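Keep in mind the model is a prediction, meaning the values are calculated, not measured.
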Amino acid sequence: MPSVPVQQLEQWFVERGAPNLIEDYSQRVDLRRRVRPFLALATLLEIVVGVGDLDLDWWENALAIAAALFVLGLVTLVQAPTPQLAALVRRAHLPELSETAVFVLLPPILTATVGGQPGQAGLFAAGNLVLVAVVYAASGFGLVPVLRWAAGKAARELGAVARLVGRALPLLLLIQIVLFINTEMWQVADGFDGLTLGVVVAMFVGTGAVFLVTRLPRELDELASFTDDEEIEANVAGTPAEELAPAFDDLAEEPIPLSRRQRLNVSLVALFSQGLQITLVSILVWCFFVGFGVLTITPEVMESWLGHPGDELFAVGVLDHDLHVTAELLKLSGFLAAFSGLYFTVVLVTDETYRSEFRKEILDELRQTFAVRLVYLRVRQAQGPDPSHDP
């Protein structure tokens, strides 16, 4: 069998935003080491903000912050993992606090005592508990590599905007333009306030998310199923598993189900990829209608529809003409953009033409990931995991 280390395959999963496909990923991640620098920085910032007071002179603030940092230094020494200091702590009957406990408790205590701000101390304590939970969950679940992959995916999708414009927008715009020049739609937009528009947009987004989420489990099961080893070998082409797949027999006959954590990770990858396309389409629709409305919907037209010329935000002079941007224009454009996003979501998951045009790349990437996982599990079984590896 070709010698490709398990670590190389695992790094490939990390780069694809699926670190949880690594077996025992959460157990191998040293959460304490990863979280410690963040907690230390957050502790320092909270102490400076909580102890400092803008109503005091600079030297008074300096003394207060220095005193707080001195206390922090003492607590840090108590935490030092040296045998001599540990014995001293036990003899003095001092509590042994973890970095997490210090972060949650110390800044609020110093804020209330040295800073004299008990109200802000309570907010710090509650916020620290939430932040600790989020940080540990993000580190243990592998959200950092997922977000790193997501950033790269977003950059690649931005380069495909021209393809989205040429293939996704024409049909959408034909439908939306009829609504845009409709008097009743402008009257509806005129009645929107910020909260109402936000709720309506959230309803469109939530409905689209339901369409994606409800169909995703069945699609993932289909993508993870292979008919024969030749199909797996074809799907792992161009990956570190390419030269390993031929060394194993019956890869397709031993599907290993995903754990809950792994299924959630792969689902996030799929949802982000599709959500990014939908968001780009919605933004393009919004930009189109803002530009179209600025050029065609004059204050006179708007007054004939609404009874007033609109709430003008600003005007731009172009070639001796004033182009007026109104709140009603932005609200109606936002409404239509959100509706277009919902429409695009529905056809994305139901229409085979759109599916082949816009989802094929996403689905092919997921299928390749599942194929590499089958090879990875067999290689890991043959070679054994690398205990020194920390993904």
- [ ] Mark yes when over 12 heavy atoms from residues, nucleotides or ligands other than Phe339 sit less than 6.0 Å from its CZ; otherwise mark no.
- [x] no
- [ ] Using a 4.5 Å cut-off on heavy atoms from C-beta on, say whether the side chain of Trp305 contacts that of Asp190.
- [x] no
Task: Heavy-atom pair of closest approach, residues Ala189 and Leu332 - done: CB-CB, 3.8 Å
Task: Parallel, tilted or perpendicular, as decided by the 30° and 60° cut-offs, for the rings of Phe288 and Phe292 - done: parallel
TODO: Work out which heavy atom in Leu220 is nearest to a heavy atom in Phe370; give both atom names and the distance.
DONE: O-CE1, 3.9 Å
Open item on the list: Under the side chain to side chain contact (heavy atoms under 4.5 Å, CB included) test against Val199, which residue among Thr196, Leu195, Leu197 passes?
Closed with: Leu195
- [ ] Check whether any side-chain heavy atom of Met302 sits under 4.5 Å from a side-chain heavy atom of His324, and report yes or no.
- [x] no
TODO: Return the minimal non-hydrogen interatomic distance between Phe124 and Glu46, and the atom names on each side.
DONE: CE1-O, 3.6 Å
TODO: Please examine the side chains of Ile297 and Trp186, heavy atoms only from C-beta on, and report whether any two atoms are closer than 4.5 Å.
DONE: yes
Task: Exercise: identify the closest heavy-atom pair between Pro108 and Ala121 - done: O-CB, 3.1 Å
- [ ] Indicate if Leu110 and Leu123 have the same hydrophobic cluster label, given that clusters are the connected sets of ILVMFWY residues with side-chain heavy-atom separations under 4.5 angstrom.
- [x] no
- [ ] Work out which heavy atom in Gln8 is nearest to a heavy atom in Pro240; give both atom names and the distance.
- [x] NE2-CB, 3.8 Å
Task: Min side-chain heavy-atom separation Met185-Gln176 under 4.5 Å - done: no
Task: Side chains of Phe289 and Ile177 in contact at under 4.5 Å (non-hydrogen atoms) - done: yes
TODO: Spell out, yes or no, whether Leu271 and Leu276 are grouped together once hydrophobic residues are joined by side-chain heavy atoms under 4.5 Å, including indirect joins.
DONE: yes
Task: Cluster check Val281, Ile283: I/L/V/M/F/W/Y, side chain < 4.5 angstrom - done: no
Open item on the list: Counting only heavy atoms not in Phe192 (residues, nucleotides, ligands), do more than 12 fall under 6.0 Å from its CZ?
Closed with: yes
Open item on the list: For the backbone of Thr350 and the side chain of Arg215, can you confirm whether one donor and one acceptor N or O come within less than 3.5 Å of each other?
Closed with: no
Task: Sidechain-backbone polar pair: Asn20 side chain, Asn265 backbone, donor-acceptor under 3.5 Å - done: no
Open item on the list: According to a hydrophobic-cluster definition based on side-chain heavy atoms being under 4.5 Å apart (Ile, Leu, Val, Met, Phe, Trp, Tyr only), do Leu129 and Leu45 belong together?
Closed with: no
- [ ] For Trp286 and Gly334, work out which heavy atoms get closest and say how close.
- [x] CD1-N, 3.3 Å
Open item on the list: Hydrophobic clustering (ILVMFWY, side-chain heavy atoms < 4.5 Å, transitive) - are Val210 and Val201 grouped together?
Closed with: no
TODO: For Asn235 and Glu231, indicate whether the former's side chain and the latter's backbone hold a donor-acceptor pair under 3.5 Å.
DONE: yes
Open item on the list: Would you say that Leu329 contacts Leu313 through its side chain, given a criterion of any heavy-atom pair below 4.5 Å between the two side chains?
Closed with: no
Open item on the list: Counting C-beta onward and ignoring hydrogens, is there a side-chain heavy-atom pair between Tyr376 and Trp12 closer than 4.5 Å?
Closed with: no
Open item on the list: Do Val269 and Thr369 make a side-chain contact, defined as non-hydrogen atoms from C-beta onward lying under 4.5 Å apart?
Closed with: no
TODO: Say whether, by atom type as modelled, one donor and one acceptor occur between the side chain of Arg378 and the main chain of Arg373 under 3.5 angstrom.
DONE: no
Open item on the list: Quick one: does any side-chain atom of Glu242 pair with a main-chain N or O of Val236 as donor and acceptor, under 3.5 Å?
Closed with: no
